[in-house]
**Q** 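The following block contains the structure, expressed as structure tokens.
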Protein chains: 2
Amino acid sequence: MPSTPRPARTSYHHGALREALLDGARELLAEGGADSFSLSALARRLGVSTAAPYRHFADKDALVDELCGEGYREFGRALTQAASSTTDARERLDALGVAYLRFAREHPAVFGIMFTDRGPAVLASGVPTFEVLVDAVVAAQDAGALPPGADPRVLARTVWATLHGLAVLGRRGGFTKLAIDDDEARLVADALALLTR
Amino acid sequence: MPSTPRPARTSYHHGALREALLDGARELLAEGGADSFSLSALARRLGVSTAAPYRHFADKDALVDELCGEGYREFGRALTQAASSTTDARERLDALGVAYLRFAREHPAVFGIMFTDRGPAVLASGVPTFEVLVDAVVAAQDAGALPPGADPRVLARTVWATLHGLAVLGRRGGFTKLAIDDDEARLVADALALLTR
DNA sequence: CCTCCGATGCGAGAGCCGTTCACATTGTAA
DNA sequence: TTACAATGTGAACGGCTCTCGCATCGGAGG
């Protein structure tokens, strides 16, 4: 069962090439990492010419940017869902942290792309993704789980940085000597236990 | 004064091409980011043929790996120097944090390369770089600045993750809405104030 | 001093990639 | 039916990584 040569269509026009390109790009990214992803390989896999993608995206970067945008939206959904899983402000922080690390683990390629230099427009589109995290930090502060006197923005960026650092360093095995084999829940719980009281 | 066509040599053999390649690669990386760095452009800048670099590096990845190794060593030197700037365990943590963020700011391209997927060998070569950070966390714990009962490895990875997260998110302007304009000293001080007591 | 050889340079070229351009095919609205 | 806008094709250009056979140099041994 050859997976590479996919006929995928019978008529001259593909019909839903734009979506197929995005889906195929996610697959290629997941299979071979960000380096081994080429528009040529993508077109080949979908059975269209190498020029076809340019009817739907200005260039390769535009396609990757779109992938980032979708990544932000899905990341945002995952965080929002985690936040709604409990009403306790302190527990919500834990849930958000686990969701953060889980997204990085389950979508490593997209996660990596989302946080590498991708132009200001893409960056701006990602801002709303993390609002739920900032809100949760403020709520935790109101609930007394974080220092009441501190600047909420300082708290938010510190918590965010800690979670992001755990995600990034864990993803590349940076913690090998520091017991990375701990699962995400423990990683997050240990870290947030230091930040909260 | 054209900077691109650099004669750089008069005889048939270059003489110190390996070092020139590494230096030039650092320059190109600093100028145009990791994407716009090609062996062709590098060879062009040095005035050698595109085949010449392959006498010194197996392929492009080998050159980048070497760059990472040098980056780790310089990063380690910066951290070690920061650690030796004070005898107070708590102050030492701050100094290390500032050095961490400063390295990320002053060498953004190399920093970015060091922490993107680059094979297990390169990764392993980076381990000693962060030992000084782990040691400082243990010392701070002994001095009472961090919870005495906690697992030192948990403390170390949490502090490391927080600093790394600050470096990464700050580097790409992720904190725009959260007062990233604060300087590194304040960023680190605020974060470590939450982790220590 | 000469000769030989290993190290290090070169030019040419194969194969992949991104991108463009003129042209082909198709569904649809007038 | 006919014209048009949308979307596909094939060919081509330049750039990139990497390989191959050949050229040039410096130094060690006769």
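Everything quoted here is computed from the prediction, not taken from an experiment. Chain A is the first sequence line, chain B the second, and so forth, proteins listed ahead of strands; every chain is numbered from 1.
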**Q** For H56(B), which residues count as a ring pair (Phe, Tyr, Trp, His ring centres under 6.0 Å) partner, sequence neighbours excluded?
**A**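 By the ring pair (Phe, Tyr, Trp, His ring centres under 6.0 Å) rule, H56(B) matches no residue at all.
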**Q** So, using side-chain contact (heavy atoms from CB on, under 4.5 Å) as the criterion, who are the partners of D61(B) when residues are at least two apart?
**A** D59(B), R118(B)
**Q** Which residues satisfy the side-chain contact (heavy atoms from CB on, under 4.5 Å) test with R55(A), sequence neighbours excluded?
**A** none
**Q** Give me, pair by pair, the N or O atoms of the protein and of nucleotides 22-26 of chain D that are less than 3.5 Å apart, along with how far apart they are.
**A**
| unit_1 | atom_1 | unit_2 | atom_2 | d |
| --- | --- | --- | --- | --- |
| dA23(D) | N3 | Y12(B) | OH | 3.1 |

**Q** Once side-chain contact (heavy atoms from CB on, under 4.5 Å) is applied, do any residues pair with S38(B), and if so which ones, sequence neighbours excluded?
**A** S40(B), A41(B)
**Q** Could you list all the salt bridge (charged side-chain N to carboxylate O under 4.0 Å, His left out) pairs where at least one residue sits in residues 83-94 of chain B, not counting sequence neighbours?
**A**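 Pairs touching residues 83-94 of chain B that pass the test: R90(B)-D94(B).
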**Q** By ring pair (Phe, Tyr, Trp, His ring centres under 6.0 Å), which residues pair with Y54(A), not counting sequence neighbours?
**A** none
**Q** Among residues 16-26 of chain A, which contact DNA chain D at a heavy-atom distance under 4.0 Å?
**A**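 Residues of residues 16-26 of chain A under 4.0 Å from DNA chain D: L17(A).
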**Q** Name the atoms and distances for all side-chain donor-acceptor pairs under 3.5 Å in residues 159-166 of chain B, with sequence neighbours left out.
**A**
| unit_1 | atom_1 | unit_2 | atom_2 | d |
| --- | --- | --- | --- | --- |
| W160(B) | NE1 | Y100(B) | OH | 3.0 |
| T162(B) | OG1 | T162(A) | OG1 | 2.8 |
| T162(B) | OG1 | T158(B) | O | 2.8 |
| H164(B) | ND1 | Y100(B) | OH | 2.8 |

**Q** Looking at DNA chain D, which of residues 58-66 of chain B put a heavy atom within less than 4.0 Å of it?
**A** D59(B), K60(B)
**Q** Would you mind writing out the side-chain donor-acceptor pairs for residues 124-132 of chain B within the sub-3.5 Å range, not counting sequence neighbours?
**A**
| unit_1 | atom_1 | unit_2 | atom_2 | d |
| --- | --- | --- | --- | --- |
| S125(B) | OG | V122(B) | O | 2.7 |
| T129(B) | OG1 | Y72(B) | O | 3.2 |
| T129(B) | OG1 | G126(B) | O | 3.2 |

**Q** Could you note down all residue pairs passing salt bridge (charged side-chain N to carboxylate O under 4.0 Å, His left out) where residues 96-114 of chain A supplies at least one of them, sequence neighbours left out?
**A** R105(A)-E184(A)
